[in-house]
Amino acid sequence: MEPTYETLKQQLSALSQRYTNLGNLLAEAAQHLKTAGTPPAKTLIDELIAYSKDFSEIQQKFIAQGQKGAGQATSVQQLQNLLQSLTATPGHQKTHLQALAILERVLSLTHSEQAEFAPLQTAKNQARELQQSIPQKNPELHPVAEALATGNHPLVALVNLVEKQDQLDDNQWAVLEEQITTAFGKSLGVAISRGKINFMVQKTAAVPTAKPPIPDIVILDEPQGTANPELIIVPSIDVTKLPPTIDGKNIVFGKAPLTTKFQGKATLSNLNLKLLVHLQGLGDRTFTAREYAGTRGQGRRLEAFQIQLDPAIPGLSLRYMAHIATIGDTPWIPEGQLVGERGKNRQIEGLAIELIGPESTNYTVFYTAHVQNKGDVPVCTNGQYCGTKGQGLRVEGIKVWIEAKS
């Protein structure tokens, strides 16, 4: 029982024992007052005042517990009747609160592409109905609240499948997916496996940063006499050095610096790529050459990728392979085709890319990866394996680009 309930019960019991004796004394004093005009003893009056004060204090405690009817109570018996509504055990209240927390999580789910995705709306409507029917304080345990709190409800399966994707093995995934399919239809489970169902994240407004003032350009006349000529002040320009190739000593990750002139075959890549990756919980995302395709520090696995030249270059193509958890090395896949699997809960742990075709000798393909517990690994080229095998470490993102040989 709740401490408040036990306290009130004991105080009411003590008050009940007092009012019987006090009532007898008052009846006797009233008779003496009526027959002989004898006033009540001061000790009796003090005890009556104390009894009234204690009654008022208990009455206020009932009001503090949400029992507004206690304000109109005029007897101990009426307060004892109100006490029955406070008999809910903490276990019931805890169960109700746990159930309501699950329902809040369900209501925060959203589809990344369809705001009114029907199967998800069905689940959320069910959650809203339960949210209204499960009170936080009730002497009776709600039948569905216990199922939610103990994890034996399709809405809990829905939350767990979205929230714990990278922690589930194949059997756990299959059990949760079956519960969701039975309750809300197969399409909801498919949408989760494709990373399209996620929890809403509250966006914070970006704080604009002040731009540094640009100095004025001063145009001067020809100097006169022996006076020193004034300076011409122009805005500064940051000239970035060209990044070294794979043979250089310092490999730099990031965007390509600006160049001021194009001379023959570019030392930087003038070939564009279209890179598609399928990321856990995010689904398909598209990037271009030199862009980092993936996440860092979020624990999301790369499950599949696809690369192609965009636009195509006559005589030049590429192919790639991957090492997939529980499967091993895939065959070499021609450009434009997906390597890996969507929604199978299998992580890519490494990859290799190479150029093919008559023009392949004039270019070099570079690629790197961000690997779990290792960070950004060294840049690889032309078919070198990038990543790990047999260590259970997921690739979380990759970056690919092609440079023309000098």
Side-chain angles (χ1 to χ4, degrees), residues 243-248 251-256 265-279 284-296 301-325 327-342 346-372 374-391 393-406:
T245 64
I246 187 63
D247 297 326
I251 298 172
V252 180
F253 295 98
K255 294 182 178 180
K265 282 189 175 179
T267 55
L268 298 178
S269 171
N270 58 354
L271 302 183
N272 192 30
L273 296 174
K274 182 178 180 181
L275 174 58
L276 180 145
V277 294
H278 184 82
L279 302 169
D284 290 351
R285 294 290 186 271
T286 304
F287 300 86
T288 59
R290 293 184 176 275
E291 286 186 328
Y292 178 74
T295 62
R296 286 187 175 94
R301 61 182 172 268
L302 175 66
E303 297 182 348
F305 68 89
Q306 175 181 314
I307 312 172
Q308 64 189 77
L309 290 163
D310 184 29
I313 304 296
L316 182 65
S317 184
L318 53 84
R319 63 179 186 173
Y320 36 83
M321 57 78 65
H323 182 84
I324 302 176
I327 292 180
D329 292 347
T330 69
W332 286 95
I333 306 296
E335 73 167 279
Q337 295 186 21
L338 190 74
V339 61
E341 300 172 295
R342 291 184 176 96
R346 297 191 181 102
Q347 64 193 23
I348 288 179
E349 299 179 352
L351 66 146
I353 308 171
E354 67 179 10
L355 298 176
I356 55 177
E359 291 292 321
S360 61
T361 56
N362 297 321
Y363 297 90
T364 302
V365 60
F366 298 91
Y367 46 98
T368 182
H370 184 84
V371 178
Q372 174 188 358
K374 293 183 178 293
D376 293 339
V377 299
V379 177
C380 297
T381 66
N382 298 333
Q384 293 177 337
Y385 184 76
C386 179
T388 63
K389 291 183 180 180
Q391 300 181 35
L393 300 177
R394 64 180 173 269
V395 172
E396 298 180 356
I398 59 176
K399 182 165 65 173
V400 185
W401 70 98
I402 298 176
E403 293 184 8
K405 295 180 178 179
S406 57

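Being a predicted model, the structure only gives us computed values, none of them experimental.
Between Ser360 and Leu316 the shortest heavy-atom distance is CA-CD1, 3.6 Å. Residues Cys380 and Tyr385 approach most closely at SG-O, 3.7 Å, considering heavy atoms. Scanning both residues, Cys386 and Pro378, for their nearest heavy atoms gives SG-O, 4.4 Å. Between Leu275 and Ala293 the shortest heavy-atom distance is CD2-CB, 3.6 Å. The heavy-atom pair separating Ile324 from Arg346 by the smallest distance is CG2-CB, 3.9 Å. The two residues Trp332 and Ala352 make their nearest non-hydrogen contact at CZ3-O, 3.7 Å.
For the pair Val377 and Tyr367, the minimum side-chain heavy-atom distance is 4.5 Å or more. Side chains of Ile398 and Thr368 form no contact here, defined as non-hydrogen atoms less than 4.5 Å apart. Contact annotation: the side chain of Arg285 never approaches that of Leu276 to less than 4.5 Å [non-hydrogen atoms, C-beta and beyond]. The shortest side-chain heavy-atom distance between Thr364 and Ile402 does not fall under the 4.5 Å cut-off. The shortest side-chain heavy-atom distance between Arg319 and Glu354 falls under the 4.5 Å cut-off. Side-chain contact between Val400 and Glu291: absent, with no pair of heavy atoms (C-beta onward) separated by less than 4.5 Å. Counting only heavy atoms from C-beta outward, the side chains of Lys405 and Asn362 never approach each other to under 4.5 Å.
Looking at Lys274 and Glu335, no side-chain N of the basic residue comes within less than 4.0 Å of a carboxylate O on the acidic one, giving no salt bridge. In this structure, Glu396 does not pair ionically with Arg301, as no charged nitrogen and carboxylate oxygen lie closer than 4.0 Å. Taking 4.0 Å as the cut-off between side-chain N and carboxylate O, Asp376 and Lys399 do not count as a salt-bridged pair.
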Exercise for the section: Go through the steps for Asp284 and Arg342 under the test side chain to side chain contact (heavy atoms under 4.5 Å, CB included), then give the verdict. Expected result: CA-CA 9 Å; Asp284 290 351; Arg342 291 184 176 96; 2.9 Å; yes
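Residues Gln347 and Glu349 bring a donor and an acceptor atom of their side chains to less than 3.5 Å of each other.
Lys374 pairs by the side-chain contact (heavy atoms from CB on, under 4.5 Å) definition with Val371, Thr388, Gln391, Leu393, not counting sequence neighbours.
The side-chain contact (heavy atoms from CB on, under 4.5 Å) test with Gln306 is passed by exactly one of Ile333, Val339, Leu338: Leu338. Of the residues listed (Val395, Leu351, Asp329, Ile348), the one engaging His323 in a side-chain contact (heavy atoms from CB on, under 4.5 Å) is Asp329, and it is the only one.
Separating the CG atom in Leu318 from the CG atom in Leu355 is a distance of 6.0 Å, to the nearest 0.5 Å. If you take CZ on Phe366 and CD1 on Ile353, they are separated by 12.0 Å, rounding to the nearest 0.5 Å. Between Arg296 atom CZ and His370 atom NE2 the span is 6.0 Å, to the nearest 0.5 Å.
Using cut-offs of 30° and 60° on the angle between ring planes, the pair Phe305 and Tyr320 is tilted.
In this structure, the side chain of Thr330 engages the main chain of Ala322 through a donor-acceptor pair within 3.5 Å. A donor-acceptor contact shorter than 3.5 Å is absent between the side chain of Asn272 and the backbone of Leu309.
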